[in-house]
Amino acid sequence: MFNKGFDHSESGDATAAIIAYEHVVERFGDSEMPELQVNVAIALVNKAEAEIQLDRMKEALCTCNEAQRRIELLAGGSEVALARRATWLKARVLLVLEGRSAALNELRTVYAMFLPGEGSIVSEMLAYIPGLITAGARERDFLEIISSDEEKVEMLLPLVIALRQRTGETVRASAEVLEVAADIRRLIDS
């Protein structure tokens, strides 16, 4: 059932994906097996993503909240990447439903989940920030959040520069960093 939902998502049938993910939650949501609870949480996060695709933002917010609740109950906190994904999605939903302030709180939460030196920070930021900007987030907001942690900002230097350039600032950096920043700006623009 889980793979069926994923296949529907991949083929662009978000409605069928939502139904498949709901079946996973209905069937295994009460299971006491931790590995099934992880799959239920993943199904909820995937369902929220499909709801966002269909512009069902209120439903997506409820689904994100339920996913976050279930992720918090998972033993050992080993599902940090899943928790971040749910929080990124919730930030996007809140941006549409409640505006910048509510979304910024979620963005601060997700940024705090990253450990300094964590390799996935750059790819995750690049995966979610363009969509959030498209949904109405401001580059300045991201700059404020990213700049709040000196240890993490070094890893995100090309992103910081790209965002600063998008706000109209003239930025000086090495040619390599400026080249990567230009690629990031093109990604955001597309």
Side-chain angles (χ1 to χ4, degrees), residues 9-10 12 14 17-18 21 41-42 44-69 71-72 79-116 118-169 171 177 180-190:
S9 289
E10 288 294 303
I18 290 169
Y21 292 132
I42 293 169
L44 285 165
V45 172
N46 290 349
K47 178 185 173 195
E49 204 161 44
E51 290 168 336
I52 290 169
Q53 288 174 0
L54 294 174
D55 201 30
R56 297 180 184 169
M57 295 303 188
K58 289 181 182 176
E59 288 134 334
L61 180 59
C62 291
T63 304
C64 285
N65 286 335
E66 178 63 13
Q68 287 177 319
R69 186 188 71 76
I71 292 166
E72 287 176 10
E79 303 302 326
V80 175
L82 183 59
R84 284 195 309 245
R85 188 168 160 230
T87 307
W88 281 113
L89 293 173
K90 186 175 178 181
R92 183 163 183 180
V93 170
L94 287 173
L95 186 63
V96 173
L97 291 178
E98 298 179 21
R100 275 182 49 242
S101 180
L104 287 177
N105 290 333
E106 291 300 313
L107 292 171
R108 285 183 187 93
T109 299
V110 77
Y111 191 61
M113 290 182 197
F114 286 103
L115 300 173
E118 188 173 341
S120 65
I121 189 169
V122 175
S123 59
E124 264 189 61
M125 291 281 181
L126 293 179
Y128 291 104
I129 286 178
L132 288 164
I133 290 172
T134 301
R138 297 184 330 190
E139 287 89 348
R140 287 260 175 237
D141 295 333
F142 289 113
L143 283 169
E144 173 199 325
I145 293 167
I146 291 170
S147 301
S148 67
D149 189 323
E150 291 292 324
E151 292 181 81
K152 295 176 190 174
V153 78
E154 191 63 35
M155 290 187 70
L156 297 168
L157 188 59
L159 175 60
V160 170
I161 289 174
L163 293 173
R164 287 176 61 196
Q165 288 172 327
R166 285 182 53 83
T167 64
E169 286 184 48
V171 182
V177 171
V180 175
D183 290 341
I184 293 169
R185 284 194 326 275
R186 281 191 287 277
L187 175 66
I188 292 171
D189 290 340
S190 70

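Every residue two or more places apart in sequence or in another chain was checked for a ring-ring contact (aromatic ring centres under 6.0 Å, His included) with Tyr111, and none qualifies. Evaluation of the side-chain contact (heavy atoms from CB on, under 4.5 Å) rule for Val122 yields Leu126, Leu156 as partners, not counting sequence neighbours. Remark: Ser120 engages Arg84, Phe114, Glu118, Ser123, Glu124 in a side-chain contact (heavy atoms from CB on, under 4.5 Å) (not counting sequence neighbours). Here Ala182 pairs with Arg185, Arg186 under the side-chain contact (heavy atoms from CB on, under 4.5 Å) rule; sequence neighbours left out. Residues passing the side-chain hydrogen bond (donor to acceptor under 3.5 Å, both in side chains) test with Arg69 are Glu66, sequence neighbours excluded.
Summarising the geometry of Cys64 relative to Ala86, their closest heavy-atom pair is SG-O, 4.0 Å, with the distance given to 0.1 Å. Minimum interatomic distance between Val153 and Ser147 (heavy atoms only, all atoms of both residues): CG2-CA, 4.3 Å. Of all heavy-atom pairs spanning Thr87 and Ala83, the tightest one is OG1-O, 2.8 Å. The shortest heavy-atom contact between Ala91 and Leu107 is CB-CD2, 3.8 Å. In terms of heavy-atom proximity, Ala162 sits nearest to Ile184 at CB-CG2, 3.7 Å. Among all heavy-atom pairs drawn from Ala181 and Pro158, the shortest one is CB-O, 3.5 Å.
Evaluation of the ring-ring contact (aromatic ring centres under 6.0 Å, His included) test over residues 121-157, restricted to residues two or more places apart or in two chains, returns Trp88-Tyr128. The stretch residues 150-160 participates, sequence neighbours left out, in no side-chain hydrogen bond (donor to acceptor under 3.5 Å, both in side chains) pair at all. Legend: salt bridge (charged side-chain N to carboxylate O under 4.0 Å, His left out) pairs involving residues 92-114, not counting sequence neighbours, sorted by first then second residue: Lys90-Glu106, Arg100-Asp141, Arg108-Glu144.
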### Task
Dump the intermediate steps for side-chain contact (heavy atoms from CB on, under 4.5 Å) on Leu163 and Ile146, then the final yes or no.
CA-CA 10 Å; Leu163 293 173; Ile146 291 170; 4.0 Å; yes

### Task
Show your working on side-chain contact (heavy atoms from CB on, under 4.5 Å) between Ile161 and Leu157 and close with a plain yes or no.
CA-CA 6 Å; Ile161 289 174; Leu157 188 59; 4.0 Å; yes

### Task
Mind running salt bridge (Lys or Arg N to Asp or Glu O under 4.0 Å) on Arg85 and Glu79 for me, showing each step along the way?
CA-CA 10 Å; Arg85 188 168 160 230; Glu79 303 302 326; over 6 Å; no

### Candidate pair Val93 and Leu89, rule side-chain contact (heavy atoms from CB on, under 4.5 Å), full reasoning
CA-CA 6 Å; Val93 170; Leu89 293 173; 5.6 Å; no

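Thr134 OG1 to Ile129 CD1: the interatomic distance, rounded to the nearest 0.5 Å, is 11.5 Å. The CG atom of Leu143 sits 8.0 Å away from atom CG of Leu159, with the distance rounded to the nearest 0.5 Å. Taking CZ from Arg140 and OG1 from Thr167, the interatomic distance works out to 3.5 Å, rounded to the nearest 0.5 Å. Within the model, atoms CD1 of Ile121 and CG of Asp149 stand 8.0 Å from one another, a figure rounded to the nearest 0.5 Å. With rounding to the nearest 0.5 angstrom, the CD1 atom of Ile133 is 10.5 Å from the CG atom of Leu95.
Using modelled atom types, one finds a donor on one side chain and an acceptor on the other under 3.5 Å when comparing Thr63 with Glu51.
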When the side chains of residues 54-61 are checked against the rest of the protein, which donor-acceptor pairs come out under 3.5 Å, sequence neighbours left out?
none

